[in-house]
Amino acid sequence: MAYVGCTTKPQLPEEYAMVRKNSTVSASELKGLLEGDQDVLKELVRTVVQQTLEAEMDAALGATKGERTDGRLGYRSGYYGRTLITRVGKLELRVPQDRQGQFSTQIFERYQRSEKALVSALAEMYIQGVSTRKVKQITEELCGHSFSASSISAIVKRLDDQLAQFASRTLEEAYPYLILDARYEKVRDCGAIRSRAVMIAIGIDWEGRRQVLAVELANRESASSWKDFILGLKQRGLKGVEMAVSDDHAGLKKALREALPEAVWQRCYVHFLRNALDHLPRKADDDCLRELRWIYDRRDLAEARKDMAAWLLRWQEKYPKLCSWVEDNIEETLSFYRLPFGHHKHLKSTNMLERLNEEIKRRTLVVRIFPNEESCLRLIRALAVETHENWIEANRYLDMSLLTEMKKKALMELVA
């Protein structure tokens, strides 16, 4: 939102306390909610959103309605009506205005971005005749009305413009850490249902904040598709990558070697442990992989290698196939020991990106089969933008001063 006359974002403890206080659910409302009363749920959501708008206006003006204070930054000037489409139906809201016309809120845009993408995907299915009665029911429940082709076209056009700006934005900062992964979605193509790879890149900048750098669709994961993806990032300004984290996909590994030769590669240890199951009999000793997992909790590489040698001695006779495979491949999973200890937990796997993929999966399951590639990319990018903005506003993910100090120490030792 725009804060009138302010250079920094004001704190809102009192305002949000007011929202919480005024949003108390009565016994009858709670009973209605538990019984699935849609009207009660809609009214509760409307009340909370309305009071959040009032709190935002109070913060922007530096005073509550009617309050006399020398610190006031402006004055209210009535309301205008606004409809917010949500999953509980259409909410009719009164948006406060200020005399200067400078107050704005991000509630509508941020909330509705992913909602519009989801709704447009479902509605396209309905309009194109590939949906079922259930799809029609879902679209009407989501938005409280049926869709026309023209209304969908308008929604899609506005949303696509916003998402295109995000996807093509210049990457001005350096990202020492890069995490890459892909998942698959079902898409209709020329009358057939095909799987499409959704390729995602997350970067961590020198402030220690996570950012979604790119979301793209490809026919499949291949060396060429991954290389094009990474080169696209570099064309937008990606630089300063010191470590890239991914699974062991051959195409991705080759693309990283060719497109980011300066980056150290960290093979996700979680995927590595899953791959280890392929080299074990079905009824294997649980202690074997559990002890292998413990190696990744050691403080430094020397300690990890010492435990690795002990593990091999213990299990070589019982599981020679596994031990041989681990000995040949485990070094790829130990690159994270080059980093400060405080970064190990976050950079030894792709778990951070896996969690984003799980959220995407939860939302795309509603659609199941996308009517086309455009609707698939639209929804996933909208969800990614939502996550990206939350990450930017959240506390730092990593303390990057640890990496800075490690690099300084290494340079001093080299000079000495």
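This one's a predicted model, so the numbers in the text were calculated from it and none came from an experiment.
Annotation for Asp278: atom CG counts as buried by contact number, over 12 foreign heavy atoms lying within 6.0 Å. By the 6.0 Å contact criterion, NZ on Lys254 is open, its count of non-hydrogen atoms from other residues, nucleotides or ligands being 12 or less. Shown here is Arg298, whose CZ atom has more than 12 heavy atoms of other residues, nucleotides or ligands within 6.0 Å.
A heavy-atom distance below 4.5 Å is not found between the side chains of Leu180 and Val245. Using a 4.5 Å cut-off on side-chain heavy atoms (C-beta onward), Arg210 and Met352 make contact. No side-chain heavy atom of Asp181 sits under 4.5 Å from any side-chain heavy atom of Ile200. Residues Trp315 and Asp285 have side chains in contact (heavy-atom distance under 4.5 Å, counting atoms from C-beta outward). Looking at Ile360 and Val198, their side chains never come closer than 4.5 Å, going by heavy atoms from C-beta outward. Side-chain atoms of Glu359 and Arg362, non-hydrogen and from C-beta on, do get closer than 4.5 Å to each other.
In terms of modelled atom types and a separation under 3.5 Å, the side chain of Arg169 and the main chain of Phe166 share a donor-acceptor contact. When atom types are taken as modelled, the side chain of Lys234 and the backbone of Lys239 share no donor-acceptor pair closer than 3.5 angstrom. Without hydrogens or angle criteria, His388 side chain to Gln211 main chain gives no donor-acceptor distance under 3.5 Å. Side-chain atoms of Ser324 never come within 3.5 Å of backbone atoms of Pro320 as a donor-acceptor pair (strictly under, hydrogens ignored). Without hydrogens or angle criteria, Thr170 side chain to Glu172 main chain gives no donor-acceptor distance under 3.5 Å. Listed for the Arg188 side chain is no donor-acceptor partner under 3.5 Å among the backbone atoms of Ile369. Under the 3.5 Å distance criterion, the side-chain polar atoms of Thr333 are left unmatched by any main-chain donor or acceptor of Asn329. Side-chain atoms of Gln266 do not come within 3.5 Å of backbone N or O of Met243 as any donor-acceptor pair.
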Open item on the list: Working note: Arg196 + Asn219, criterion side-chain contact (heavy atoms from CB on, under 4.5 Å); need CA distance, chi angles, decisive distance, verdict.
Closed with: CA-CA 5 Å; Arg196 291 290 181 263; Asn219 290 339; 3.3 Å; yes

Please walk me through it: do Lys407 and Glu242 pass salt bridge (Lys or Arg N to Asp or Glu O under 4.0 Å)? CA-CA 12 Å; Lys407 291 167 71 71; Glu242 300 187 15; 3.1 Å; yes

For this session: List the steps, then state whether side-chain contact (heavy atoms from CB on, under 4.5 Å) holds for Arg378 with Asp160.
Result: CA-CA 7 Å; Arg378 183 181 302 121; Asp160 283 349; 2.7 Å; yes

- Full working for side-chain contact (heavy atoms from CB on, under 4.5 Å) between Glu291 and Arg314: CA-CA 10 Å; Glu291 291 174 11; Arg314 178 173 180 185; 2.2 Å; yes

Taking it one step at a time, do Glu331 and Arg305 satisfy salt bridge (Lys or Arg N to Asp or Glu O under 4.0 Å)?
CA-CA 9 Å; Glu331 284 296 325; Arg305 284 179 173 158; 2.9 Å; yes

Working note: Glu216 + Arg381, criterion side-chain contact (heavy atoms from CB on, under 4.5 Å); need CA distance, chi angles, decisive distance, verdict. CA-CA 8 Å; Glu216 299 291 347; Arg381 273 187 178 164; 2.9 Å; yes

| task | Show your working on salt bridge (Lys or Arg N to Asp or Glu O under 4.0 Å) between Arg293 and Asp297 and close with a plain yes or no. | result | CA-CA 8 Å; Arg293 161 68 182 81; Asp297 293 331; 3.0 Å; yes

CA sep, side-chain torsions, deciding dist, call: Glu221, Trp226, side-chain hydrogen bond (donor to acceptor under 3.5 Å, both in side chains): CA-CA 7 Å; Glu221 285 187 88; Trp226 271 118; 3.0 Å; yes

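There is no side-chain donor-acceptor pair under 3.5 Å between Tyr337 and His344. Looking only at atom types and distance, the side chain of Ser375 has a donor-acceptor partner in the side chain of Asn372 under 3.5 Å away. For the residue pair Thr404/Ser401, the side-chain donor-acceptor check at 3.5 Å is not satisfied. A side-chain donor-acceptor contact under 3.5 Å links Trp265 and Ser246.
Shown here for Cys288 and Leu322, the closest heavy-atom pair between the two residues is SG-CD2, 3.6 Å. The nearest pair of heavy atoms linking Ala244 to Leu256 is CB-CD2, 3.9 Å.
Atom NZ of Lys361 and atom CD1 of Ile380 lie 13.0 Å apart (nearest 0.5 Å). To the nearest 0.5 Å, atoms CZ (Arg274) and NE2 (His271) are separated by 5.0 Å. If you take SG on Cys323 and CH2 on Trp311, they are separated by 4.0 Å, rounding to the nearest 0.5 Å. Atom CG in Asp205 sits 6.0 Å away from atom OH in Tyr175 (nearest 0.5 Å). To the nearest 0.5 angstrom, Thr350 atom OG1 is 9.5 Å from Ile202 atom CD1. Residue Lys321 holds its NZ atom at 6.5 Å from NE2 of His279, rounded to the nearest 0.5 Å.
In this structure, Trp325 has its ring center no closer than 6.0 Å to that of Tyr319. In summary, the aromatic rings of His343 and Tyr177 are positioned with their centroids under 6.0 Å apart.
Both cation-pi conditions hold for Lys348 and Tyr269: the charged atom is under 6.0 angstrom from the six-membered ring centre and inside a 45 degree cone around its axis. Cation-pi geometry between Arg267 and Phe272 is not satisfied (NZ or CZ under 6.0 Å from the ring centre, within 45° of the ring normal).
Tested against Arg183, the residues Leu353, Asn357, Leu356 include a single side-chain contact (heavy atoms from CB on, under 4.5 Å) partner, Asn357.
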